[in-house]
Undergrad: 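Structure incoming, see below.
Computed from a predicted structure; not experimentally measured. We use all heavy atoms of the structure for the numbers below, so side chains are in, but hydrogens, waters and symmetry mates are not.
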Amino acid sequence: MPVVSDMAVVLRRIEYSETSQVLGIFTRGHGQVRVIAKGAKRSTKSRFSPGIDLLEEGHVSFSARADRGEGLSTLTEWKQARSFCGLREKLERLAAGQYVAETTLMMTVEGDAHAVLYDSLTSALQSLCDGAAELEAALRYQRALLESAGAWPRLEGCVVCGRGSALTYFSSLEGGMVCRDCEGVRVEKRAVAGPTLEMLRGLEGAGDAGGSPVEEVVVRAFDVLDYHIAHLAGREAVTASMLVPRSRRKVT
Ligand SMILES: [Zn+2]
């Protein structure tokens with residue numbers, strides 16, 4: 001198999017043996033790839049200089065091997081491009097970075113390239129390093145992730161009847177807001193307050209909406225999108241509660 005070169009971010013790292021690691025990487029041109037890095041834990045080996053860390057970006061080369069089993073590719077080279085070491089300066093930053101990584105793994109499949117999402121991912125990690133508000137950075141990435149998956153919800157009108165007012169519930173299954181008259185028969189739904197809906201709509205615009213949003217509204221908007229992502233992926237992101245404690249979530 002030919003050796004492929006790309007840019008990649010490390011989203012998951014599993015210790016495989018005394019000397020090797022299995023990495024879940026998200027590449028710009030080849031999507032999610034699982035690679036085995038033999039000898040990665042021996043710092044004297046220069047192929048993987050200077051070692052491979054979670055959430056760092058690098059120039060990667062790997063060869064897909066049919067005889068590897070379980071679809072593991074062999075990492076042949078890793079050269080660090082950006083360490084995003086600023087993530088480790090603050091617990092909330094690292095939690096936001098880990099949430100971004102986990103949801104990327106949840107919402108993408110191996111070998112399916114999403115260059116735009118890759119750029120959103122590295123932008124999110126960079127903005128966190130630069131001191132962006134953690135939850136807002138995570139919220140913007142949720143938007144990019146759902147957009148990339150073609151699952152950004154309909155927020156302007158009721159997904160059932162089209163009505164533009166009294167939109168009080170969000171349904172992941174229906175793919176958007178549901179009005180007061182239509183929500184009755186929908187089992188899968190959650191209440192969404194007006195300011196939360198406005199915040200979610202604001203994410204659709206280009207750039208910043210301006211001003212500092214109310215933190216509780218950001219929490220609620222994050223929670224709605226996290227709920228949608230969990231529903232689509234079939235499991236909850238465990239890192240969500242590291243970013244926002246459960247006691248602050250599950251409210252409208
Ligand atoms: Zn309706």
Side-chain angles (χ1 to χ4, degrees), residues 96 99-100 102-109 112 114 116-117 119-121 123-124 132-241 243-252:
Y99 177 81
V100 158
E102 184 184 9
T103 50
T104 304
L105 287 169
M106 284 165 62
M107 293 289 286
T108 60
V109 294
D112 193 8
H114 294 280
V116 174
L117 183 63
D119 295 341
S120 298
L121 171 69
S123 295
E134 292 83 9
L135 205 53
E136 285 171 58
L139 186 62
R140 281 193 297 274
Y141 188 70
Q142 287 175 319
R143 152 82 181 166
L145 195 56
L146 289 165
E147 184 76 18
S148 169
W152 180 249
R154 183 175 172 192
L155 303 171
E156 290 307 315
C158 172
V159 288
V160 183
C161 72
R163 175 183 176 185
S165 60
L167 300 170
T168 46
Y169 284 85
F170 173 80
S171 168
S172 180
L173 203 60
E174 302 285 354
M177 295 301 294
V178 180
C179 80
R180 200 166 46 206
D181 294 341
C182 297
E183 60 92 2
V185 292
R186 261 107 203 135
V187 176
E188 181 279 309
K189 66 191 171 191
R190 58 176 298 150
V192 175
T196 308
L197 180 57
E198 284 310 308
M199 165 120 257
L200 291 170
R201 285 173 175 167
L203 292 171
E204 294 176 347
D208 285 327
S212 294
V214 178
E215 204 191 338
E216 279 313 304
V217 179
V218 181
V219 170
R220 289 164 194 177
F222 170 84
D223 206 19
V224 170
L225 296 185
D226 183 59
Y227 166 83
H228 191 31
I229 289 168
H231 193 270
L232 292 166
R235 74 168 178 89
E236 287 187 33
V238 295
T239 49
S241 52
L243 189 53
V244 188
R246 266 182 201 284
S247 57
R248 291 190 61 198
R249 303 172 66 203
K250 310 298 179 198
V251 287
T252 61

Undergrad: Residues two or more places apart in sequence or in another chain: which of them pass salt bridge (charged side-chain N to carboxylate O under 4.0 Å, His left out) with Glu188?
TA: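 By the salt bridge (charged side-chain N to carboxylate O under 4.0 Å, His left out) rule, Glu188 matches no residue at all.
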Undergrad: Using a 4.5 Å cut-off on heavy atoms from C-beta on, say whether the side chain of Asp223 contacts that of Val244.
TA: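 The answer is no, as the side chains (C-beta and beyond) never meet within the 4.5 Å cut-off.
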Undergrad: Hey, could you give me each pair passing ring-ring contact (aromatic ring centres under 6.0 Å, His included) that has a residue in residues 173-202? Not counting sequence neighbours.
TA: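 Counting only pairs at least two positions apart or across chains, no ring-ring contact (aromatic ring centres under 6.0 Å, His included) contact touches residues 173-202.
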Undergrad: Partners of Arg201 by salt bridge (charged side-chain N to carboxylate O under 4.0 Å, His left out), sequence neighbours excluded?
TA: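 Listed in chain order: Glu156, Glu198.
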Undergrad: Checking Trp152 against Leu225 for the side-chain contact (heavy atoms from CB on, under 4.5 Å) test, could you report, in this order, the C-alpha distance in whole Å, the side-chain angles of both residues, the deciding distance, and whether it holds?
TA: CA-CA 9 Å; Trp152 180 249; Leu225 296 185; 3.9 Å; yes
Undergrad: Side chains of Asp226 and Glu236: does their closest heavy-atom pair fall under 4.5 Å?
TA: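 When only atoms from C-beta onward are counted, Glu236 and Asp226 do not touch, as no gap falls below 4.5 Å.
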Undergrad: How far apart are the C-alpha atoms of Val192 and Arg220, what are their side-chain angles, what is the distance that settles it, and do they pass the side-chain contact (heavy atoms from CB on, under 4.5 Å) test?
TA: CA-CA 8 Å; Val192 175; Arg220 289 164 194 177; over 6 Å; no
Undergrad: Can you tell me how far apart OG (Ser148) and CG (Asp119) are? Round to the nearest 0.5 Å.
TA: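 If we round to the nearest 0.5 Å, Ser148:OG and Asp119:CG are 11.0 Å apart.
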Undergrad: Could you measure the distance from the CG atom of Leu121 to the NE2 atom of His114? Nearest 0.5 Å is fine.
TA: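 With rounding to 0.5 Å, CG (Leu121) is 12.5 Å from NE2 (His114).
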Undergrad: Determine the minimum heavy-atom distance between Leu167 and Gly157, stating which atoms define it.
TA: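 Closest approach of Leu167 to Gly157, heavy atoms only: CD2-C, 3.9 Å.
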Undergrad: Name all residues meeting the salt bridge (charged side-chain N to carboxylate O under 4.0 Å, His left out) criterion together with Arg180; count only those two or more places apart in sequence or in a different chain, and write none if there are none.
TA: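 By the salt bridge (charged side-chain N to carboxylate O under 4.0 Å, His left out) rule, Arg180 matches no residue at all.
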Undergrad: Does the side chain of Thr103 reach to within under 4.5 Å of the side chain of Gln142, using non-hydrogen atoms?
TA: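 Of all side-chain heavy-atom pairs linking Gln142 with Thr103, none is under 4.5 Å.
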Undergrad: Give the minimum heavy-atom separation between Ala132 and Arg140, together with the two atoms involved.
TA: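 Taking every non-hydrogen atom into account, CB-NH2, 4.3 Å.
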Undergrad: How far apart are the closest heavy atoms of Arg143 and Leu203, and which atoms are they?
TA: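 The answer is NE-O, 3.5 Å.
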Undergrad: If I take atom OG1 from residue Thr168 and atom CG from residue Leu197, how far apart are they, to the nearest 0.5 angstrom?
TA: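 So the OG1 of Thr168 and the CG of Leu197 are separated by 10.0 Å.
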Undergrad: Does some side-chain heavy atom of Met199 sit less than 4.5 Å from a side-chain heavy atom of Leu139?
TA: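 Side-chain contact under 4.5 Å: yes.
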Undergrad: To the nearest 0.5 Å, what is the distance between SG on Cys182 and CZ on Arg163?
TA: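 The distance works out to 8.0 Å.
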Undergrad: Minimum heavy-atom separation for Leu232 to Ala151, with atom names?
TA: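 Residues Leu232 and Ala151, closest heavy atoms: CD1-CB, 3.6 Å.
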Undergrad: Would you check if the side chain of Thr104 reaches a backbone N or O of Val100 as a donor-acceptor pair within less than 3.5 Å?
TA: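 Indeed, once roles are kept as given, a pair shorter than 3.5 Å links the two residues.
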Undergrad: Does some side-chain heavy atom of Arg186 sit less than 4.5 Å from a side-chain heavy atom of Val160?
TA: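 A side-chain contact under 4.5 Å exists here.
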Undergrad: Just by modelled atom types, is the Val218 backbone N or O under 3.5 Å from a matching donor or acceptor in the Glu136 side chain?
TA: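 Not at all, since once roles are kept as given, no pair shorter than 3.5 Å links the two residues.
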Undergrad: Identify the heavy atoms of Tyr141 and Ala124 that sit nearest to each other, and give their distance.
TA: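 For Tyr141 and Ala124, the tightest heavy-atom pair comes out as CD1-CB, 4.2 Å.
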Undergrad: Is there a donor-acceptor contact under 3.5 Å from the side chain of Glu134 to the main chain of Leu243?
TA: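 A pair under 3.5 Å: no.
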Undergrad: Between Cys158 and Cys179, which heavy-atom pair has the shortest distance, and what is it?
TA: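 The answer is SG-N, 3.4 Å.
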Undergrad: By side-chain hydrogen bond (donor to acceptor under 3.5 Å, both in side chains), which residues pair with Ser172, not counting sequence neighbours?
TA: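 Testing Ser172 for side-chain hydrogen bond (donor to acceptor under 3.5 Å, both in side chains), a comparison that skips the adjacent residues, returns His228, His231.
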Undergrad: Residues two or more places apart in sequence or in another chain: which of them pass salt bridge (charged side-chain N to carboxylate O under 4.0 Å, His left out) with Glu183?
TA: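 Checked Glu183 against salt bridge (charged side-chain N to carboxylate O under 4.0 Å, His left out); matches are Lys189.
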Undergrad: Distance to the ring centre below 6.0 angstrom and angle to the axis at most 45 degrees; does that hold for Arg190 and Tyr227?
TA: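 Here Arg190 passes the 6.0 Å and 45° test against Tyr227.
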